[in-house]
Amino acid sequence: AQSVAQPEDQVNVAEGNPLTVKCTYSVSGNPYLFWYVQYPNRGLQFLLKYITGDNLVKGSYGFEAEFNKSQTSFHLKKPSALVSDSALYFCAVRPVWGSARQLTFGSGTQLTVLP
Amino acid sequence: NAGVTQTPKFQVLKTGQSMTLQCAQDMNHNSMYWYRQDPGMGLRLIYYSASEGTTDKGEVPNGYNVSRLNKREFSLRLESAAPSQTSVYFCASSEAAGAYQETQYFGPGTRLLVL
């Protein structure tokens, strides 16, 4: 069965500093990997995804993520954080092959950007 | 283009009462999903519908039923609500059934409190 670990429940960073939100995964075979963001009292919004090809994926709002197959990681990064980036971030995985259509989510990381 | 809409936004039930959560999408998507979100647990899939006329169980289907009314609408029913079903419920949709890399689009959620 596939799984996702987000080892940090909370990440605090000062505005203007780089941010990293960590994600590791376990899946049979190759993965499709996703990052979603949730603002208070809102649904999840898609940020970016890794399908194949370049290990560095660029997404919305200046976010990017790096796929590392050997470390089974897909960390979310941004060079310069904004206060408006404060939100709950979810990593998700599904296998490339197989009958499972289920997207498995991590438990989420609350990012707080301090002014 | 409203995307994914959910009704109601908030509901309070007494134990044993029944209710139906409604979801509709206007993106002509084939697949639709129901998730529940609980603190520290991320999102867990309750049921999904890969295409009109089909439904399948997800990770946590017990106590729920679903109906894919047509291509646009996917409802979730609680026949006899229990306090353990207190949660935030999200509906999502995606474009292509069987395309494992497809992005899911989420509604704003329904907050359910069962007393």
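A, B, ... follow the sequence lines: proteins, then strands. Residue 1 opens every chain. Computed from heavy atoms alone, side chains included, the values below leave out hydrogens, waters and symmetry copies. Note that the structure is predicted; figures quoted are calculated from it, not measured.
- For B:Gln37, the part lying under 4.5 angstrom from a heavy atom of chain A is the side chain only.
- Looking at A:Gln38, the atoms closer than 4.5 Å to chain B (heavy atoms on both sides) all sit in the side chain, from C-beta outward.
- With values rounded to the nearest 0.5 angstrom, A:Ile51 atom CD1 is found 7.0 Å from B:Thr103 atom OG1.
- Only the side chain of A:Leu88 has a heavy atom closer than 4.5 Å to any heavy atom of chain B.
- Taken together through direct or relayed side-chain contacts under 4.5 Å among Ile, Leu, Val, Met, Phe, Trp and Tyr, A:Leu111 and A:Tyr39 form part of one hydrophobic cluster.
- The hydrophobic cluster containing B:Tyr89 also contains B:Phe74, counting ILVMFWY residues as joined when their side-chain heavy atoms lie under 4.5 angstrom apart, directly or transitively.
- Neither the backbone nor the side chain of B:Tyr105 has a heavy atom closer than 4.5 Å to any heavy atom of chain A.
- In this structure, A:Val21 is a member of the same hydrophobic cluster as A:Tyr50, with clusters built from ILVMFWY side-chain heavy atoms closer than 4.5 Å.
- B:Arg111 touches chain A through its side chain: at least one heavy atom from C-beta onward sits under 4.5 Å away, while N, CA, C and O do not.
- A:Phe63 and A:Trp35 fall within a single hydrophobic cluster, where Ile, Leu, Val, Met, Phe, Trp and Tyr side chains are chained together by heavy-atom contacts under 4.5 Å.
- A:Ser107 and B:Gly40 make their closest contact through CB-O, 3.4 Å (heavy atoms, listed as atom of the first residue, atom of the second, distance).
- Within 6.0 Å of CZ on A:Arg42 lie no more than 12 heavy atoms contributed by other residues, nucleotides or ligands.
- In this structure, CZ on B:Phe106 lies 5.5 Å from OH on A:Tyr36, to the nearest 0.5 angstrom.
- The local environment of NZ in B:Lys71 is crowded, with over 12 non-hydrogen atoms from other residues, nucleotides or ligands closer than 6.0 Å.
- One finds the CG atom of A:Leu44 at 9.0 Å from the OH atom of B:Tyr35 (value rounded to the nearest 0.5 Å).
- Linking ILVMFWY residues whenever their side-chain heavy atoms come closer than 4.5 Å, directly or via other members, leaves A:Val93 and A:Phe90 in distinct clusters.
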